[in-house]
Visitor: 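There's a structure below that I have some questions on.
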Amino acid sequence: MSLEVQGRWPARFEPLRAAFAASFERGEELGARFAVAIDGEVVVDMMAGFADRDRTQPFGPDTLTPVFSTTKAMAALMVARLIDSHDLDYDQPLAELWPEFAAAGKAAISIGGALSHQGGLCGLPEPMPASAWFDKPLIAARLAAMAPLWPPGSASGYHPVTFGYLAEEVFRRLDGRTIGAALAEDLAGPFGLDLWIGLPDSEHGRCAQMRKPPAMPDLGPASEPRRLAFRTPWASPGGVSQAEWRRAAIASVTGHATAPALARMMAVLACDGTLDGRRFLSSRAVAAVSAERVRGPDLVLPFTLSWAAGLLRNTDAGIYGPSPRALGHSGWGGSCAFADPGRRLSGAYVMNRQSSALIGDPRAVRLIRAAYACL
């Protein structure tokens with residue numbers, strides 16, 4: 001008997017439901033949810049499986065999923081709003097807002113350059129406990145003093161964790177709030193979106209339990225940027241309880257969300273800055289955050305990539321459907337959120353069985369392609 005998929009979808013999306021169910025039938029999923037929005041309205045919302053590893057709790061409408069680097073899409077949108085409201089430019093040097101950042105040859109790194117992974121700060125070279133990541137002032141000070149690992153602006157090199165601290169510093173110095181607080185107050189709350197960067201204890205009970213991938217991803221030949229980004233004992237936040245990790249508002253990795261909330265959030269980019277008839281970003285801001293800032297072989301991820309200001313453009317990756325105008329972000333283990341302004345379409349995939357894919361998890365890619373085929 002085929003798996004029962006819960007949720008809602010128009011009849012024309014039945015092939016998408018079948019593709020979603022097939023991932024479970026192949027044993028690729030524990031619990032998952034996929035959503036598609038058109039003009040900001042969720043038209044597809046399907047879920048199945050279990051929220052816990054013991055398979056006792058259904059993966060339901062209220063299940064929250066850690067989305068890891070898909071958090072960067074949330075952060076990119078909030079920084080875009082900040083720059084928009086302060087009438088700033090992504091080409092402005094970051095050191096104009098953060099004077100200490102000019103040290104060690106970084107004076108010319110722009111806000112957009114930092115957010116498009118060009119700054120050469122993909123990991124921290126000095127040993128430290130993994131728990132040190134939860135001390136934001138310490139990490140900010142280390143990034144400010146650090147010499148870039150390559151000439152800034154010469155190439156991209158994905159910043160898996162440090163991205164969040166660079167974005168946070170821009171936000172803190174202009175706004176005074178954390179990105180997580182601004183997300184809650186300016187976007188999630190007003191639009192009713194189940195999005196979090198820094199999860200309150202009251203929400204922990206509905207979090208999906210993650211099943212880690214069977215193996216680490218293949219990063220390609222060893223290099224110093226790849227070592228510091230992923231392969232040191234302190235490369236990612238750790239050494240604290242699961243509750244502390246969930247509470248931490250690290251704007252690169254600790255986000256939690258549902259698929260419909262992510263799909264509606266990305267509709268801001270798909271619909272020229274508006275959601276529910278209300279303007280969140282100006283058209284100018286949408287164009288600025290979406291514009292290509294660097295393109296070529298990434299020095300950390302083993303792919304040729306096109307980066308916007310915190311978002312991955314579909315130009316080379318081809319993982320967010322058929323449109324080269326689409327853009328989004330993916331998270332460790334498989335989650336993703338994307339927007340296609342040409343179709344005014346957005347979507348998201350979340351799951352709790354992680355794969356070893358770095359970007360473009362095959363499960364998500366199949367679902368996105370199936371969704372487009374149903375349009």
Side-chain angles (χ1 to χ4, degrees), residues 2-3 5-49 59 65 67 69-70 73 213 217 257-260 262-267 269-271 290 301 303-306 308 311-375:
S2 63
L3 179 87
V5 177
Q6 303 290 330
R8 57 189 175 87
W9 54 91
R12 73 180 189 273
F13 284 97
E14 177 58 24
L16 171 60
R17 184 215 60 81
F20 185 72
S23 291
F24 285 87
E25 291 160 2
R26 285 190 294 266
E28 297 173 344
E29 299 282 22
L30 175 58
R33 192 172 184 180
F34 184 66
V36 176
I38 298 175
D39 285 321
E41 179 185 353
V42 175
V43 296
V44 170
D45 178 16
M46 49 186 62
M47 69 206 83
F59 200 105
T65 310
V67 295
S69 283
T70 302
T258 65
L262 286 170
R264 295 225 323 125
M265 178 193 80
M266 294 303 287
L269 298 176
C271 301
S290 305
L301 298 177
F303 308 109
T304 294
L305 299 175
S306 170
L311 296 161
L312 180 62
R313 290 162 50 86
N314 205 38
T315 308
D316 290 295
I319 59 176
Y320 303 130
S323 173
R325 293 184 61 196
L327 73 167
H329 215 290
S330 301
W332 179 49
S335 68
C336 73
F338 68 96
D340 178 355
R343 302 294 291 263
R344 296 178 68 86
L345 179 147
S346 54
Y349 165 75
V350 301
M351 76 303 128
N352 62 344
R353 180 172 184 168
Q354 295 179 292
S355 79
S356 300
L358 283 166
I359 60 170
D361 187 292
R363 297 169 296 181
V365 170
R366 286 195 299 264
L367 293 177
I368 294 169
R369 290 175 178 170
Y372 272 94
C374 294
L375 295 175

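One is the number of the first residue; the rest follow in order along the sequence. Remember, it's a predicted structure, so these values are computed and weren't measured experimentally.
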Visitor: Do you know the tightest heavy-atom contact between Met266 and Ala339?
Guide: O-CB, 3.3 Å
Visitor: Taking all atoms of both residues into account, what is the closest heavy-atom pair of Asn314 and Gly321, and its distance?
Guide: ND2-O, 2.9 Å
Visitor: Locate the shortest heavy-atom distance separating Ala337 from Leu262; write the atom from each residue and the value.
Guide: CB-CB, 4.1 Å
Visitor: Please round to the nearest 0.5 Å and tell me the distance separating atom CD of Gln354 and atom OG of Ser335.
Guide: 8.5 Å
Visitor: Stepwise, does the side-chain contact (heavy atoms from CB on, under 4.5 Å) test hold for Cys374 with Phe13?
Guide: CA-CA 5 Å; Cys374 294; Phe13 284 97; 3.5 Å; yes
Visitor: Check ring-ring contact (aromatic ring centres under 6.0 Å, His included) between Phe24 and all other residues, then give those that pass, not counting sequence neighbours.
Guide: Phe20
Visitor: What do the steps show when you test Thr70 against Val350 for side-chain contact (heavy atoms from CB on, under 4.5 Å), and what is the final call?
Guide: CA-CA 10 Å; Thr70 302; Val350 301; over 6 Å; no
Visitor: What closest approach, in Å, do Ser355 and Pro213 show between heavy atoms, and which atom pair accounts for it?
Guide: O-CB, 3.3 Å
Visitor: Could you measure the distance from the OG atom of Ser23 to the CZ atom of Phe34? Nearest 0.5 Å is fine.
Guide: 10.5 Å
Visitor: So, does Ser330 use its side chain to make a donor-acceptor pair with the main chain of Ile359 at under 3.5 Å?
Guide: no
Visitor: With sequence neighbours left out, write down each residue that passes ring-ring contact (aromatic ring centres under 6.0 Å, His included) with Phe59, or none if nothing qualifies.
Guide: none
Visitor: Quick one: are Arg343 and Leu375 in side-chain contact, heavy atoms under 4.5 Å?
Guide: yes
Visitor: Apply side chain to side chain donor-acceptor pair (under 3.5 Å) to Arg325 and list each qualifying residue two or more places apart in sequence or on a separate chain.
Guide: none
Visitor: Can you tell me how far CD1 of Ile319 sits from CZ of Phe338, rounded to the nearest 0.5 angstrom?
Guide: 10.5 Å
Visitor: Could you tell me if the side chain of Ser346 sits less than 4.5 Å from the side chain of Met265, heavy atoms only?
Guide: no
Visitor: What heavy-atom pair brings Gly40 and Cys271 nearest, and what distance separates the two atoms?
Guide: N-SG, 4.0 Å
Visitor: Are the side chains of Val44 and Pro10 in touch, meaning some heavy atoms are under 4.5 Å apart?
Guide: yes
Visitor: Rounded to the nearest 0.5 Å, what separates atom CG in Leu327 from atom CG in Leu311?
Guide: 5.0 Å
Visitor: Which residue pairs satisfy the salt bridge (charged side-chain N to carboxylate O under 4.0 Å, His left out) criterion with at least one member in residues 351-372, sequence neighbours excluded?
Guide: Glu28-Arg366, Glu29-Arg363, Asp361-Arg363
Visitor: Identify the heavy atoms of Gly7 and Met47 that sit nearest to each other, and give their distance.
Guide: CA-CE, 4.2 Å
Visitor: With side chains defined as the heavy atoms from C-beta onward, is the minimum distance between Tyr349 and Cys336 less than 4.5 Å?
Guide: yes
Visitor: Of all residues at least two apart in sequence or in a different chain, which pass the side-chain contact (heavy atoms from CB on, under 4.5 Å) check with Glu14?
Guide: Trp9, Arg17
Visitor: To the closest 0.5 Å, what do you measure between CG (Leu16) and CD1 (Ile368)?
Guide: 10.5 Å
Visitor: Using 0.5 Å steps for rounding, measure from the OG1 atom of Thr258 to the CG atom of Asp45.
Guide: 8.0 Å
Visitor: Can you sort out the partners of Arg264 under side-chain contact (heavy atoms from CB on, under 4.5 Å), two or more places apart, ordered by chain and number?
Guide: Val42, Phe191, Leu193, Leu275, Asp276
